[in-house]
Amino acid sequence: MKNTTVLISGASIAGPALAYWLTRYGCAVTVVERAPSLRPGGQAVDFKGEAQLSVLRRMGILEEVRRHQTGGTDQDIVDAEGRRLAVLPGEFTGGDVEILRGDLSALLYERTAGRCEYVFGDSITSLTETADGVHVTFERGAPRTFDLVVGADGIHSNVRRLAFGPESDYVRFLGYHYALADLGAGLGTGMYNEPGRMVSLGGPSSPVFFVFASPPIDYDRYDVEAQRRILADAYRGAGWRVPEILTRLPHARELYLDSISRVHIDRYASGRVVLLGDAAYGNTLGGFGTGLAVVGAYVLAGELALAGGDHRAGFRGYEELLRGYAKVTGKGDAGGFLAPATRGRIRMRNWMFQRRFLLTLMLKLTDRFATDIELKDYPSLVAASAAR
């Protein structure tokens, strides 16, 4: 292969998954991550359908993911007095296998750290494409030149901003925010709604999950104190156990707040720079992000390897295969589903959970989306090509 030095921005899921495959095909990979270390915990993420499970199996991590399984349990939807109104089935939220994002990130890191370079606590500040590479400057590290650069840095992608344009051109706010807060044990379980607000207690190993309607909020995503204030303001006056939950916010071990937004972009690549995962086809809480990221990493690396490192051909093949598979992210709106705007819509959502045939229909629909891609056996194809 030519173009064998690759810089990946983002060390969560998509970046390490891509590093796994690229190093197998002979690339020298560097992964840069703004955070000082791997981020532990986080929300549960899931995989569904044979396509996604097949990629995990080919990476040799499917059984390990299953050993870290967190999903599969039902959750009561309750009123302000704690009385059960409906049941959110475990199979609806947990896919075929569910794992905490931090656990999955650690598994991928363990399988790639010995074969590629990880740089934590740094971020890209500029990308300048030349005839034979991309000159990259960093906040802290010395400038370097790479053959290719991959933005696997999430819905607020820094690489997308530098190579494609401002976030406002590609990310659409959907009218809601969400938060995850590790508030310790002892809170129990249950999901509670008021118009435009939802709070969910998932048990001792899960963070408290909040979804609330709001206009756009201007805040520093790395300012935890500002996030505490925003969350407390959003839930002021709420019923059920929310006052008790809010008293724990100042002592949260982990807190993350973000908008519920959707990415719309007409191309995944610009020259020698390409986007992967949420940076290219993100839909916050849409239920397909992690599976799409892992499948996308497999396809991107495989198409580059089949093209002998020709980035134009490899990026083109990647986009042709992923564009149709990722189209599902252009439709969902998790905020309106999880935190309906009126009491009538809350009752309608709960009524749906009480009708098994509707749940079965929805599960079949998501299964169809999750399997709507035919995966090539890239390792075998690349080996056969090399043998010739």
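In this text, all values refer to a predicted model and were calculated from it rather than measured experimentally.
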For the side chain of Arg272 and the backbone of Asp147, is there at least one donor-acceptor N/O pair under 3.5 Å apart?
-> yes

Any side-chain heavy atom of Val78 within less than 4.5 Å of one from Leu85?
-> no

Tyr281 ring centre to Arg323 NZ or CZ under 6.0 Å, with the angle to the axis within 45°?
-> no

Measure the CZ-CG distance between Arg84 and Asn350 for me, rounded to the nearest 0.5 Å.
-> 12.5 Å

Hydrophobic cluster identity match, Ile61 and Val45, side-chain contacts under 4.5 Å = yes

Exam field: side chain Tyr176 to backbone Ala339, donor-acceptor pair closer than 3.5 Å = yes

Heavy atoms from other residues, nucleotides or ligands near CZ of Arg241 exceed 12 (cutoff 6.0 Å) = yes

Is Asp76 reaching over with its side chain to a backbone N or O of Thr189, donor-acceptor style, under 3.5 angstrom?
-> no

Between Lys376 and Glu303, is there a side-chain N and carboxylate O pair less than 4.0 Å apart?
-> yes

Do the non-hydrogen side-chain atoms of His264 and Val171 ever get within less than 4.5 Å of each other?
-> no

Heavy-atom distance under 4.5 Å between the side chains of Phe209 and Val199, does that happen here?
-> no

Rounded to the nearest 0.5 Å, how far apart are CZ of Arg140 and CZ of Arg34?
-> 9.5 Å

Please check if Leu338 and Tyr256 belong to a single hydrophobic cluster, counting links between Ile, Leu, Val, Met, Phe, Trp and Tyr side chain heavy atoms closer than 4.5 Å.
-> yes

Same apolar cluster: Leu255 and Ile217, side chain cutoff 4.5 Å | yes

Think Arg58 forms a cation-pi with Tyr378, using NZ or CZ under 6.0 Å from the six-ring centre and within 45 degrees of its axis?
-> no

Would you say Val150 and Leu7 make side-chain contact, with heavy atoms under 4.5 Å?
-> no

When you check the gap from the basic side-chain N to the acidic O, do Glu167 and Arg172 get nearer than 4.0 Å?
-> no

Decide whether Glu194 and Tyr192 meet the rule of one side-chain donor and one side-chain acceptor closer than 3.5 Å.
-> yes

Aromatic plane relationship, Phe212 with Tyr235 - under 30° parallel, 30 to 60° tilted, over 60° perpendicular = perpendicular

Salt-bridge test for Glu117 and Arg144: reply yes if a basic N is under 4.0 Å from a carboxylate O, no otherwise.
-> yes

Going by distance alone, is a donor N or O of one side chain under 3.5 Å from an acceptor N or O of the other, for Ser259 and His177?
-> no

Cut-off 3.5 Å, side chains only: do Ser12 and Ser105 have a donor facing an acceptor?
-> no

First locate atom CD of Glu33, then atom OH of Tyr109, and finally report the distance between them rounded to the nearest 0.5 Å.
-> 11.5 Å

Polar side-chain atom of Asp153 near backbone of Asn158 as donor-acceptor pair, under 3.5 Å | yes

Begin from the C-alpha positions of Asn193 and Arg349 and carry the test side-chain contact (heavy atoms from CB on, under 4.5 Å) through to its verdict.
-> CA-CA 11 Å; Asn193 277 104; Arg349 195 273 318 275; 2.5 Å; yes

Considering all heavy atoms of both residues, which atom of Gln227 and which atom of Tyr219 are nearest to each other, and what is their separation?
-> CG-CE1, 4.0 Å

How long is the span from the NZ atom in Lys48 to the OG1 atom in Thr290, to the nearest 0.5 Å?
-> 9.0 Å

Does the distance from a Lys or Arg side-chain N to an Asp or Glu carboxylate O, for Asp223 and Arg221, drop under 4.0 Å?
-> no

Which atoms form the tightest heavy-atom contact between Arg24 and Pro379, and what is the distance?
-> NH2-CB, 4.5 Å

Working for side-chain contact (heavy atoms from CB on, under 4.5 Å), residues Ile124 and Thr137 | CA-CA 6 Å; Ile124 299 169; Thr137 60; 5.9 Å; no

So does Arg343 have more than 12 non-hydrogen atoms from other groups sitting under 6.0 Å from CZ?
-> no

Leu183 backbone acceptor or donor facing Arg248 side chain under 3.5 Å = yes

Just by modelled atom types, is the Val273 backbone N or O under 3.5 Å from a matching donor or acceptor in the Ser270 side chain?
-> no

Does Arg111 reach the main-chain N or O of Leu107 with its side chain, forming a donor-acceptor pair under 3.5 Å?
-> yes

Hphob cluster co-occupancy, Leu62 + Ile373, side-chain heavy atoms under 4.5 angstrom = yes

Are any non-hydrogen side-chain atoms of Val159 and Leu275 less than 4.5 angstrom apart?
-> yes

What about Phe210 and Tyr178, are their ring centers closer than 6.0 Å?
-> no

When rounded to the nearest 0.5 Å, the distance separating CG of Leu22 from OG1 of Thr4 is 10.5 Å

Joint hydrophobic cluster, Leu249 plus Ile245, side-chain heavy atoms closer than 4.5 Å | yes

Considering only heavy atoms from C-beta outward, does the side chain of Tyr25 approach that of Leu304 to under 4.5 Å?
-> no

Side chains of Val136 and Val32: closer than 4.5 Å at any heavy-atom pair?
-> no

Applying the side chain to side chain donor-acceptor pair (under 3.5 Å) test to Arg66, which of Glu63, Gln69, Glu64, His68 qualifies?
-> Glu63

Using only heavy-atom distances, determine whether the side chains of Gln75 and Ser200 contain a donor-acceptor pair under 3.5 Å.
-> yes

Steps toward side-chain contact (heavy atoms from CB on, under 4.5 Å) verdict (Thr284, Asp258) = CA-CA 9 Å; Thr284 318; Asp258 203 353; 5.9 Å; no

For the atom pair CD1 (Ile8) and OG1 (Thr30), what is the distance rounded to the nearest 0.5 Å?
-> 8.5 Å

Decide yes or no on side-chain contact (heavy atoms from CB on, under 4.5 Å) for Val294 and Gln52, but give the supporting numbers first.
-> CA-CA 7 Å; Val294 171; Gln52 296 177 14; over 6 Å; no

Begin from the C-alpha positions of Thr112 and Tyr118 and carry the test side-chain hydrogen bond (donor to acceptor under 3.5 Å, both in side chains) through to its verdict.
-> CA-CA 9 Å; Thr112 54; Tyr118 278 87; 2.6 Å; yes

Within a strict 4.5 Å, meaning less than it, do heavy atoms of the Val263 and Arg160 side chains meet?
-> yes

